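Down below is the structure, laid out as structure tokens.
Treat the numbers as computed from the prediction; the structure is a model and nothing was measured.
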Amino acid sequence: LTTHPDRLMLVYHGLDLAHLPSPPPLSGPGARPRRDGSDPADPVVILSIGRKVEKKGYEDLLAALARLPKDLHWRFEHIGGGALGDALVRQAETLGIADRCRWFGARPQPEVFAAYARADVFVLAAKKASDGDQDGLPNVLMEAAHQGLALVSTRAAAIGEFVTDGDNGLLVDPAAPDQLARALATMARDPDLRRRLAARAADLVRTRFSYKAGVERLAAQVLGGAAPDGAEPSAPSDTIAHHGGEFLSFRLGAEEYGIEILKVQEIRSYNPPTRIANAPPYIKGVVNLRGVIVPIIDLRLKLALEHAEYN
């Protein structure tokens with residue numbers, strides 16, 4: 001991408017954690033029940049959220065659920081619309097698991113987070129569709145991790161950049177129902193494993209995949225990193241100031257810049273943003289900060305569009 005790799009940095013778009021419900025504690029009062037699939041009256045709840053389209057791999061997931069051990073008691077819940085809804089219901093009936101599957105369709109955000117709260121395991125069986133369509137890094141995985149859920153997913157697309165097998169979740173090959181069934185069974189039977197992996201995933205969301213962490217990393221790089229060739233060194237990082245936890249401002253020489261953390265709608269500077277033709281609606285433009293091109297993003301609009309995708 002560049003002849004100067006030292007100038008290239010990946011910053012994930014991240015989640016706006018300030019607007020998400022607080023997750024339940026991992027232990028103690030209010031923590032999730034320690035279900036292990038042994039009680040038919042209290043089955044392990046396996047949740048998935050996503051559109052019912054080929055790239056989400058729900059045909060593979062249903063095939064995997066049908067392969068779970070007979071002595072394991074579980075319930076599957078799904079939230080999301082999509083064209084494959086009727087076909088998936090028929091597949092569940094053919095596999096003999098329809099009575100264990102609950103299809104809720106598209107739901108508003110409060111109901112999505114209520115589903116996270118009552119679940120034990122979050123699964124996304126993503127794969128590349130026959131037309132080449134595939135996920136990037138699905139927000140629902142980061143949301144589920146933030147809410148304290150153990151993750152089971154595939155090595156499709158960029159999922160491996162967030163989930164590391166055996167460290168903060170379990171990963172299997174795409175379109176591999178046998179592997180997926182084994183991973184789900186392992187996670188369902190072991191509440192201690194779920195808690196350990198969920199804790200690691202939640203910590204990673206907070207420290208690397210939150211929107212605030214990304215903005216602060218970008219600001220630190222611009223202000224405290226190496227200056228482009230021929231440029232003066234950037235201003236020290238102590239020029240960064242927070243205003244009510246919502247606004248990040250900094251100076252480069254006589255110029256002042258600002259990025260609103262919770263609602264990025266404008267940037268104040270003597271070098272105003274340049275509008276980009278045919279850009280997505282959430283990109284308000286780019287600004288040149290001493291040779292570093294920084295996109296200005298309306299985060300709330302971006303998240304709203306992404307939520308609409310799986311609702």
Listed partners of Asp86 passing side-chain contact (heavy atoms from CB on, under 4.5 Å), at least two apart: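 Applying side-chain contact (heavy atoms from CB on, under 4.5 Å) to Asp86 gives Arg90.
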Listed partners of Pro33 passing side-chain contact (heavy atoms from CB on, under 4.5 Å), at least two apart: Arg35
Among Asp190, Asp192, Asp42, salt bridge (Lys or Arg N to Asp or Glu O under 4.0 Å) partner for Arg34: Asp192
Is the backbone of [Y] close enough, under 3.5 Å, to the side chain of [X] for a donor and an acceptor to pair up by distance?
X	Y	value
Lys127	Ala156	no
Gln147	Pro21	yes
Arg155	Gly160	no
Gln179	Asp173	yes

Nearest-0.5 Å distance that lies between atom [atom1] in [X] and atom [atom2] in [Y]:
X	Y	atom1	atom2	value
Ile97	Leu62	CD1	CG	5.0 Å
Leu20	His146	CG	NE2	5.5 Å
Ile49	Glu77	CD1	CD	9.5 Å
Asp120	Arg75	CG	CZ	9.0 Å
Leu61	Gln91	CG	CD	9.0 Å
Leu197	Asp165	CG	CG	9.0 Å

Phe113 and Tyr116 aromatic ring geometry - parallel, tilted or perpendicular at 30°/60° bounds: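 Because their plane-to-plane angle is over 60°, the rings of Tyr116 and Phe113 count as perpendicular.
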Going by heavy atoms in the side chains, are [X] and [Y] under 4.5 Å from each other?
X	Y	result
Thr154	Leu171	no
Leu180	Val152	yes
Leu149	Arg32	yes
Lys128	Pro174	no
Pro69	Arg189	yes
Asp178	Arg182	yes
His78	Leu88	no

Which heavy atom in [X] sits nearest to a heavy atom in [Y], and how many Å separate them?
X	Y	value
Phe122	Ser48	CE1-CA, 3.9 Å
Ile159	Ala126	CD1-CB, 3.8 Å
Ala201	Ala145	CB-CB, 3.7 Å
Leu72	Asp36	CD1-O, 3.9 Å
Gly166	Arg196	O-NH1, 3.6 Å
Ala181	Leu68	O-CD2, 3.4 Å

Would a single hydrophobic cluster contain both [Y] and [X], if residues Ile, Leu, Val, Met, Phe, Trp and Tyr are joined by side-chain heavy-atom contacts under 4.5 Å?
X	Y	value
Val45	Leu193	no
Trp103	Val53	no
Met142	Ile79	yes
Ile46	Phe104	yes

Trace of the side-chain contact (heavy atoms from CB on, under 4.5 Å) decision for Ser130 with Glu54: CA-CA 8 Å; Ser130 56; Glu54 184 183 358; 3.0 Å; yes
Qualifying residue for side chain to side chain donor-acceptor pair (under 3.5 Å) with Arg200, from Asn168, Asp167, Thr164: Asp167
Inter- and intrachain pairs under ring-ring contact (aromatic ring centres under 6.0 Å, His included), touching residues 161-205, at least two apart: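 Listed by first then second residue: Phe162-Phe209.
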Evaluation steps, salt bridge (Lys or Arg N to Asp or Glu O under 4.0 Å), between Asp135 and Lys56: CA-CA 8 Å; Asp135 276 314; Lys56 300 297 185 181; 3.0 Å; yes
Step-by-step side-chain contact (heavy atoms from CB on, under 4.5 Å) determination, Leu124 to Tyr58: CA-CA 8 Å; Leu124 190 67; Tyr58 285 116; 4.1 Å; yes
Derivation and outcome, side-chain contact (heavy atoms from CB on, under 4.5 Å), residues Leu84 and Glu59: CA-CA 9 Å; Leu84 296 180; Glu59 303 97 325; 3.6 Å; yes
Asp39/His73 under side-chain contact (heavy atoms from CB on, under 4.5 Å): CA gap, chis, key distance, verdict: CA-CA 7 Å; Asp39 185 356; His73 300 284; 6.0 Å; no
